[in-house]
Asker: 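One structure, pasted below without further comment.
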Amino acid sequence: MSLLNTEQQSAVEAPDGPALVLAGAGSGKTRVIVERIAWLIGERGVDARRILSLTFTNKAASEMRERISSRLGVDKLSCWMGTFHSFGLFVLRRNMDQLGRSNQFTIFDDSDQLSLMKRLIKGMPTSYSKVSPRDALQWISGLKQNLEEPEEEGAYEGEEATFAFLWKVYHRQLETVSAVDFDDLIVLTAKLFRDHEDVREKYRRWYPNVLVDEYQDTNHAQYTIARELAGPGGNLFVVGDEDQSIYSWRGADINNILDFEADFPEASIFRLEQNYRSTKSILAAANSVVSNNVNRLGKNLWTDEAGGDKVGFYQAEDGHDEAHFIVDTIAKKGWAPDEVAVLYRTNGQARVLEEAFRKKGLHYVVVGGIRFYDRKEIKDLICYLRVLVNPADSESLRRVINVPTRGIGATTLARLEDQARARQIPLLDALREAEDDDAYTSRVRNSAREVVELIDDLTWESSQIPLAELMDQLLERTGYRDYVQKSDEKDFRTRLELLDEFLSSCAEFDDKEEGSLEEYLQENALTSAVDTMEGVAASAALMTCHSAKGLEFNRVFLVGLEEGLLPHANSIFDTDSVEEERRLCYVGMTRARKTLILTAARERVVFGQRNVQDLSRFMGEVNPDVVEPLHERIQPKVVLKSEAPRADGDKLARGTKVRHAKFGRGLVRRVVGSGKKQKIEIKFDTGMTRLFVVSHTPLEIL
DNA sequence: GAGCGAAACGAGGAT
DNA sequence: CGTTTCGCTC
């Protein structure tokens, strides 16, 4: 193992008290934390249990744990390591009662939040304006992450008055069903530490050493947790890079890092500017882009590495061409797929790339996008399990109360919920009472009994039998497999496989022989896409720049360097947002060790529309001395554009008979828009109906 | 209440 | 373009 350089060494041996390590990309900041913890334990004789290390993902935590263990030569390392969210969960499970709430609670993910908010908006008094559920949640989340609450009634006008109203009913409902959202895991913990001295003192004494990685992406509530734990002059050791702050939309406050010196005047400050990851060319390219940001402390990364290959740049015709260029390059260079990453700005870009990888027969994994537990089938089962653990969770019960359909439709559900609300009892208990209530039809009463018995039996069994067995029973008794099979004839196979996959994940949990059903659910809620990335052998990784944070690869393709994509269209009117996009671009570029290839497309299909794309401003900022254009094609593209007769858009109207070069005769059903983007819907004689962009469709008017 | 097709809607990044 | 909601029929 190579020795640490002088800067790293002095950071590792920083004196007690607050310390800020400003560490550039690839400067070994994780290594510094690893060595710091090893040093605290090995040299300073600190009890490992007294160390709390907070990371951005659970994967980062477990990797850190492994490195420290092998560094110290121990099997089991008893430091507490994990994300702020898992730490919040850890604290709340033991102290929620201090806040007057049950220690047993469900964690709501964003789809739970969204459906709850949608319903709350529907049920709002008409005096409030209609708002979008997403906007409402965002407004609420923005306040929460700053540990703020809405001001008194009357302080707001228009939309904000509605948001403030929703803030109240939203949280009232969360409390009623004993649930917390992701923000609450942080916010409630921060409040617990801030307002409850006994709890704070307990944890402060237990964890005199607090370390925070990726400090630039902490929000105010997370900062409060760290500050309260460490106390004035405490051993708070934070590591971050202001150039990699890419989560302001999630409340991350870059000022936490910019103001550290002001917050902790006695803090030791260290700067790590030597990069050990990338070649000179890659570093020069990345530096030349990020140096265009005004709002930064400013540092200049350097490296002893050789220049390496120049940074490649390929401007493709369109998204397909871009994807083919990538797979062709991988094949031509003979790169092992697992040393390659393709990084993009939006998840939507994965589709075309996947297609190309499949066609080329290259193994790949898409990291992120739709999570496994977000799939409808899995979510249904999770909701059943949630009710077993938390009978007050009426939100989860209402989702599955009629899944598979058992005769409790919207009207009955509304009646049951009215009952529950009037009597202030959970939905499950309202269902219990409906069993014997003549006011309901016998069909409903039977269904109610069925659900109640199912929940009661499984609740009892959940403490007796392994989770996989419990799941089996659940599937059996609900007839869920039949339900899936019947509901959709086409892809029921994949969906049944999904169930099997879920069953094996349950069996895996059983094998670990620790933890309750409750912990299983909570663990799942906090598992990130990157956490589960490991284990897929010999595959290229396809992911967003955000997901790639903290990772590194030998070969990196950073794709879609176009205005509107990177920088994203929603950011280009605001200077601060453009700076964040630039940092995101920088993060993407600095993931590369040996090869970095940038690509852009001249045209791209966005939202089903073929658009002409401008080259990204960031591409223009890359130092041209280190760029090599790759425009000579690997396989000369055969230009075979069929010059089928083009229909004149003006003559197309509803009812016009047309002939499509590929699909044959049909009838125009509707015409949308005009000019280049005009679209028409055609119903063909074959019975098929499709939508076309007129200017790109070989059509003939009959 | 269930089931189906049509219409409308919304699409950034994620613990 | 894919998903959710709407509105109709049985």
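Note that the coordinates shown come from a computational prediction; the quantities given were computed from them, not determined experimentally. Just so we're on the same page: letters track the sequence lines, and every chain starts at 1. Every heavy atom of this structure was used, including side-chain atoms; hydrogens, water molecules and symmetry mates were not.
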Asker: Look at all strands and tell whether Ser86(A) reaches a base, only sugar-phosphate, or nothing, counting heavy atoms closer than 4.0 Å.
Answerer: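 Since no nucleic acid heavy atom lies under 4.0 Å of Ser86(A), the category is nothing.
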Asker: Which nucleotides of nucleotides 5-10 of chain C have their base under 4.0 Å from a protein heavy atom (B), which only their sugar-phosphate (S), and which neither (-), written as one string 5' to 3'?
Answerer: S-----
Asker: Using the six-membered ring wherever Trp is involved, compare the ring planes of Phe90(A) and Tyr203(A) and label them parallel, tilted or perpendicular (cut-offs 30° and 60°).
Answerer: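 Perpendicular.
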Asker: Quick one, Glu581(A) and Phe618(A) - any side-chain contact, counting heavy atoms below 4.5 Å?
Answerer: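 Result yes, sub-4.5 Å side-chain heavy-atom pair found.
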Asker: Across nucleotides 9-15 of chain B, 5' to 3', mark each nucleotide with B, S or - according to how protein heavy atoms within less than 4.0 Å reach it.
Answerer: --BBBBB
Asker: In this structure, how many angstroms lie between the C1' atom of dT3(C) and the CZ atom of Arg375(A), rounded?
Answerer: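 Atom CZ in Arg375(A) sits about 13 Å away from atom C1' in dT3(C).
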Asker: Is the distance from the ring center of Tyr480(A) to that of Tyr483(A) below 6.0 Å?
Answerer: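 Yes, the ring centres sit under 6.0 Å apart.
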Asker: Please determine whether the number of non-hydrogen atoms from other residues, nucleotides or ligands lying under 6.0 Å from atom CZ of Arg119(A) exceeds 12.
Answerer: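 Yes, CZ of Arg119(A) has more than 12 neighbouring heavy atoms, counting only those of other groups under 6.0 Å.
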Asker: Centres of the Phe56(A) and Tyr247(A) rings: under 6.0 Å?
Answerer: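 Ring centres of Tyr247(A) and Phe56(A) closer than 6.0 Å.
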Asker: Taking CZ in Arg94(A) as the centre, count heavy atoms belonging to other residues, nucleotides or ligands within less than 6.0 Å. Is the count above 12?
Answerer: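 Yes, enclosed.
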Asker: Quick one: closest heavy-atom pair of Val91(A) and Leu192(A), and the distance?
Answerer: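 That would be CG1-CD2, 3.9 Å.
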Asker: Kindly compute the distance separating CG (Leu137(A)) from CE (Met117(A)), expressed to the nearest 0.5 Å.
Answerer: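 Between Leu137(A) CG and Met117(A) CE, I get 4.0 Å after rounding to 0.5 Å.
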